[in-house]
Amino acid sequence: MTFICRFAPSPTGPLHIGGVRTALFNWLLAKKNKGKFYLRIEDTDKERSKDEFRKQIISSLNWLGIKHDGKEYIQSKNIKKHKEIADELIKKGFAYYCYCSEDEINEQKEKCKKQGIPYVYNRKWRDAKDLKIPENVKPVVRFKSKISGMSSIKDLVQGEMSLSNLTIEDFIILRQDNTPTYQLSATVDDHEMGITHVIRGDDHKINTFKQKQIYSALNWAVPEFAHIPLIHSETGKKLSKRDKASTIDDYIKTGILSDALRNYLLRLGWAHKDKEIFSLEESINLFDLKGVGKSPSKLDMSRILSINEYYIKHIEEKKLFELLKNYCEKFNKPVKSSKSSVILKSINFLKNKAKTLEDIYQNARYILNDEVKISAEDKNLINQSSKAILKDFLDSFEKIKKIDKNSLEEIINKLIKAHKTNFKGVGQPLRIVLTGSKFGPAVYDILRSLDKEEIIKRLKNI
RNA sequence: GGUCCCAUCGUCUAACGGUUAGGACAGAUGGUUUUCAAUCAUCUAAUCGGGGUUCGAUUCCCCGUGGGACCGCCA
C-alpha cells in the first residue's frame with residue numbers, strides 16, 4: 001500500500017508548534033512507509049492569507065528538516081475545479097441552492113438561543129420546489145447532509161467515533177460570491193492529490209464527518225483519518241498565537257536545535273517504550289500511529305531545554321560550532337572572524353553548562369568581547385587580599401613561557417599556599433577579572449583559551 | 001447550552017486482565033569537581049470518584065466529576 005500524506009496549513013499566521021507537530025507526524029508516516037508527503041497551502045481566505053506567512057511556514061518546516069515532495073500545492077489555483085464539483089453535486093442532487101439571507105439565518109439563530117435549543121440550519125431550501133426565489137438574494141450552495149441514522153468513522157488514533165447524522169447541518173460548500181468553502185476545497189484537493197492518510201488536529205473531527213459525506217456522494221475512495229490531540233499551553237489552554245513560545249521562530253531565537261525540537265515534538269503525545277532520544281532515522285523507523293495517545297498534552301519548556309542540552313552535548317563539535325555561528329549571525333551577535341578559531345577550539349568546554357545556543361554564546365562572551373565589564377556586585381567580591389593574589393598571579397604568569405595545565409597549576413598551587421587560601425580564593429577573583437562573571441567555564445579552560453597578552457591586559461585592569 | 005472526545009507522579013509518558021505501577025523532565029537531599037547552572041548517587045511523587053464484570057481491573061462496562069474540541073458564507 002502506498003502512503004500519501006499531506007500537511008495543509010492556511011497562511012493566515014505564523015505556523016505554531018502544534019501545526020509543526022502535525023506536519024512532523026504526517027512526514028514521518030510518509031517516510032516510514034516510503035510514501036509521499038505533500039504540502040498544500042490553503043489560501044482560499046483571501047483577506048487573511050499573506051505570502052509572508054506562506055514563506056514562514058515553509059522555512060519553519062525546512063528548519064526542522066521536513067521537506068515536502070514535489071512542489072507545493074496552492075489551493076486557490078484549484079478553485080475552478082472545486083466549483084465544478086459543486087455543480088456536479090447539485091446536478092446529482094447532493095447539494096442545493098439556499099436563498100436564505102444572512103438576516104434570516106441570524107434570526108433563526110436568535111430564536112434558537114432564546115428557546116435554549118441548539119441551532120441547526122432549518123433546511124428551508126433543501127427540497128423547496130414551491131418556494132419563490134427571492135430576487136435580491138444571492139444564493140449559497142449547501143450540501144444535503146444525512147438527516148437520519150448514525151455515522152461512524154474508524155480513526156487511526158481515536159478509534160471508533162460516531163454521532164447522530166442529525167447533528168450535522170446542511171453545510172455550505174459554495175459561498176454567496178461563488179467561492180468554495182473549506183469543506184469542499186479540502187475534500188476535492190485531498191482526492192485529486194491522491195491522499196491516503198490524513199493526520200490532523202482533533203479539532204477537525206466534526207469536519208471529517210462532513211467531508212466523508214462528500215466522498216461518498218462522489219463515490220470517491222475515503223482516505224484513512226488520524227485525529228491527533230491538540231497541544232496545550234503551559235497553562236492548560238489551547239495553544240494560541242499569543243503564547244510566547246508558540247512559533248518555530250521563538251524556539252530558534254531561544255537557541256533550540258532543530259533535532260532537539262523534533263525529538264521533543266515526537267515524544268509529545270507519542271511514545272515508544274521507555275525510549276527518550278530518537279535520531280532522525282529512528283524517528284522514521286519507529287514512528288507509528290498506534291503510539292499516539294488520545295489526550296492533549298501540555299508544552300513543557302524545561303523538558304525542551306533538557307533535550308536541547310542533550311543534543312548540544314552530543315552532536316559533533318564542528319557542527320555545533322556551525323550552528324552557533326549561524327545563530328549569532330542571525331541574531332546580530334557579532335563574532336569577529338579573528339575570534340572564530342578560538343571559539344571552535346573552545347567549544348568543547350563552552351557547551352558544558354549550556355542548555356541553548358544562547359547559553360553557549362553567553363559562555364563565550366569573554367572571548368568575543370575585548371572589554372571586560374565587571375558588575376559592581378562582582379567587583380565587591382574582589383577584596384584587598386584578592387587583589388594581592390591577582391597581583392602575585394600576574395607576576396608569575398608573565399614569566400612563564402608556555403601556558404599549559406602544568407605551568408598554571410604550579411602557579412595556582414603556590415598561591416594557595418602562600419596566601420593560605422583554597423582554590424576558590426584564587427579561582428573566583430581570576431574568573432571575575434578575566435570574564436566579568438562569577439559563572440562560566442573552568443578557570444584553566446579560560447586561561448588556556450585567551451592570548452597571554454590579553455590575560456595580562458585584563459589582570460592589569462583591576 | 002448541544003454534540004463529540006479524553007482522564008496514570010507537578011509535566012511527558014510505560015505497563016498480553018496478574019509488575020513492589022516503570023522511565024524521563026522538574027523538585028529535594030547528599031557526594032565530587034575549581035565557582036556551578038556541570039557531573040554522580042539517592043529520595044519524594046500517580047492509576048479522578050462511585051458502582052459493576054472477573055479468582056483478579058490502571059486495563060473491560062455504566063454513572064458521576066473534571067478537562068478539551070467543535071458548534072463561521074475561517075481553515
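Each chain gets a letter, A, B and so on, in the order its sequence line appears, and its residues count up from 1.
In this structure, A:Leu305 atom CG and B:C12 atom C1' are separated by 15 Å, rounded to whole Å.
The side chain of A:Lys353 contributes no N or O atom lying less than 4.0 Å from OP1 or OP2 of B:A37.
Contacts of A:Lys46 with the nucleic acid, taken as non-hydrogen atoms under 4.0 Å apart, are absent. When heavy atoms are screened at a 4.0 angstrom cut-off, A:Thr44 is found touching the sugar-phosphate backbone but no base atom.
Judged by distance alone, with hydrogens and angles left aside, A:Arg48 brings no side-chain donor or acceptor close enough to the base of B:A75 to form a pair under 3.5 Å. Donor-acceptor pairing under 3.5 Å, judged by distance alone, is absent between the side chain of A:Lys424 and the base of B:U33. Looking at A:Asp300, its side chain has no donor and acceptor atom pair within 3.5 Å of the base of B:A26.
The aromatic ring of A:His204 sits over the base of B:A75, with ring centres less than 5.5 Å apart and planes tilted by under 30°.
In this structure, A:Lys313 places its NZ atom where more than 12 heavy-atom neighbours from other residues, nucleotides or ligands lie under 6.0 Å away.
With a 3.5 Å ceiling on both atom-pair distances, the Watson-Crick or G-U wobble partner of B:C70 is B:G2.
A cation-pi arrangement, defined by a distance under 6.0 Å to the six-membered ring centre and an angle within 45 degrees of its axis, is present between A:Lys333 and A:Tyr361.
Each of A:Lys144, A:Lys146, A:Arg126 was checked for a side-chain hydrogen bond (donor to acceptor under 3.5 Å, both in side chains) with A:Asp170, and the lone residue meeting it is A:Arg126.
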